[in-house]
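Remember, it's 1-based here, ligands and their atoms both numbered in the order they're listed. Values in this document were obtained by computation on a predicted structure and should not be read as measured data.
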Amino acid sequence: MATVIDGKAVAQTIRSEIAEEVRALSQKYGKVPGLAVVIVGNRKDSQSYVRMKRKACAELGIKSFDIDLPEQVSESDLIKQVHQLNVNPDVHGILVQLPLPKHINEETVLSEISLEKDVDGFHPLNIGKLAMKDRDPLFLPCTPKACIELLSRSGVSIKGKKAVVVGRSNIVGLPASLLLLKADATVTIVHSRTTQPESIIREADIVIAAAGQPMMIKGSWIKPGAAVIDVGTNAVDDPTKKSGYRLVGDVDFEEASKVAGWITPVPGGVGPMTVTMLLHNTLEGAKRCFEKKH
Ligand code: NDP
């Protein structure tokens, strides 16, 4: 049976480490890291993610700047807000919660965030540096960073291993593959046009699944002893639940946990780690800023 990687426990450990560093910064510089979380409109899911991020800031001593804008806000007004946050010296990270309403171009808004405050790591220059040899981005995107952190804190070595990433989105699959490559894995990317994905996945020592396809990856697709990080978070109908649904990953956990060496559950795997990585990025941004000024 696979070792189940407890994302909640790992996240808790890292949060304690962050809180400790925030205290140390506060003593040394008399200042704490600040994160601005910008939300536009009233989407219930976005509101709940934003609440979670703001609460986590409060728990760790990070100052949160709450910018709540109405659904009808214009693109130029939103950009004005971003510019104000860019020059606010108490703000070290800016997060614009996605998706934005249809009348606003996400790419335009995200590229206005100062590179030094791009804690989501989505700025094209940060992603570009991630893709280049011997260049270091200022921030790593949170979910892929969470995947690598879970592997390394579980004692899974990446160097020289065969890794397969399922999915090639800008926010998860592509940057996860680039991070694995930087860590010296030999990386293959599987996507929706890949033929016979199972034969490719079966070769992998490390699988990162981020396709958004409920339980697509079966136990028989996994190489015995492989490390499986399941990013997928899919709601499937479940009449036995009060809500009428439950969350499952892209991997058939029941089957795969009998074959893999390590596996993350859904929920309780990558999910709790993603917000923690956002806080970690904010801490890193603040440290760079404080150290530069002294
Ligand atoms: P996207 O829909 O943007 O991308 C999905 C990717 O998977 C695409 O590259 C797509 O290929 C590929 N894909 C789709 N179907 C298949 C298939 N049958 N076989 C192989 N590849 C396939 O999703 P995201 O990257 O944003 O998210 C992926 C999953 O991760 C979702 O379930 C999401 O909810 C979850 N997620 C979880 C987070 C967390 O913190 N736990 C954070 C972010 C996402 P193509 O490019 O060809 O279309």
Side-chain angles (χ1 to χ4, degrees), residues 4-11 14-15 37 43-46 48-53 56 95-100 106-107 110 119-122 127 130 139-151 163-180 187-204 207-218 220-222 228-237 245-253 256 263-281:
V4 177
I5 300 174
D6 183 346
K8 258 191 183 162
V10 179
I14 299 175
R15 284 184 188 205
V37 182
R43 275 180 68 116
K44 289 253 171 325
D45 53 348
S46 293
S48 102
Y49 294 139
V50 162
R51 250 197 322 274
M52 210 157 65
K53 290 166 186 171
L95 175 136
V96 177
Q97 184 65 43
L98 302 179
L100 291 169
E106 286 182 356
E107 197 183 328
L110 293 185
V119 279
D120 251 342
F122 292 161
I127 296 283
L130 183 59
F139 297 103
L140 299 176
C142 300
T143 304
K145 177 170 166 163
C147 297
I148 302 296
E149 197 68 30
L150 284 171
L151 287 170
V164 170
V165 179
V166 188
R168 56 175 166 180
S169 73
N170 287 338
I171 62 166
V172 192
L174 181 69
S177 69
L178 295 171
L179 269 175
L180 286 164
V187 185
T188 307
I189 302 174
V190 165
H191 49 76
S192 69
R193 308 298 158 93
T194 303
T195 51
Q196 294 188 314
E198 59 273 33
S199 61
I200 299 169
I201 295 167
R202 215 174 277 128
E203 295 274 301
V207 179
I208 295 186
Q213 301 293 320
M215 298 200 276
M216 173 188 120
I217 298 172
K218 302 294 168 200
S220 61
W221 298 21
I222 303 291
V228 179
I229 304 292
D230 192 355
V231 182
T233 312
N234 312 289
V236 295
D237 291 341
Y245 72 90
R246 73 192 153 95
L247 293 180
V248 299
D250 289 349
V251 178
D252 186 325
F253 182 86
I263 191 165
T264 58
V266 177
V270 178
M273 283 289 288
T274 296
V275 175
T276 304
M277 294 298 104
L278 171 71
L279 304 168
H280 189 258
N281 278 351

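Distance alone, capped at 3.5 Å, is enough to place a donor-acceptor pair between the Glu106 side chain and the Leu100 backbone. Under a 3.5 Å cut-off, the side chain of Thr274 and the backbone N or O of Cys142 do not form any donor-acceptor pair.
Not a single side-chain hydrogen bond (donor to acceptor under 3.5 Å, both in side chains) links Arg202 to another residue, sequence neighbours left out. For Asp250, the side-chain hydrogen bond (donor to acceptor under 3.5 Å, both in side chains) test picks out Asn234, with sequence neighbours left out. Annotation: side-chain hydrogen bond (donor to acceptor under 3.5 Å, both in side chains) contacts of Asp252 (sequence neighbours excluded): none.
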Would you sort out whether Phe122 and Asn170 count as a side-chain contact (heavy atoms from CB on, under 4.5 Å), showing the intermediate values?
CA-CA 8 Å; Phe122 292 161; Asn170 287 338; over 6 Å; no
Please tabulate protein-ligand N/O pairs under 3.5 Å for ligand 1, atom names and distances to 0.1 Å.
from	atom 1	to	atom 2	distance (Å)
ligand 1	9 (O)	Arg168	N	2.8
ligand 1	11 (O)	Ser192	N	3.3
ligand 1	15 (N)	Gln213	NE2	3.3
ligand 1	21 (N)	Ser192	N	3.4
ligand 1	25 (O)	Ser169	OG	2.5
ligand 1	32 (O)	Thr233	N	3.0
ligand 1	32 (O)	Asn234	OD1	3.4
ligand 1	34 (O)	Thr233	O	3.3
ligand 1	40 (O)	Thr274	OG1	2.8
ligand 1	46 (O)	Arg168	NE	2.7
ligand 1	47 (O)	Arg168	NE	3.3
ligand 1	47 (O)	Arg168	NH2	2.8
ligand 1	47 (O)	Ser192	N	3.3
ligand 1	47 (O)	Ser192	OG	2.5

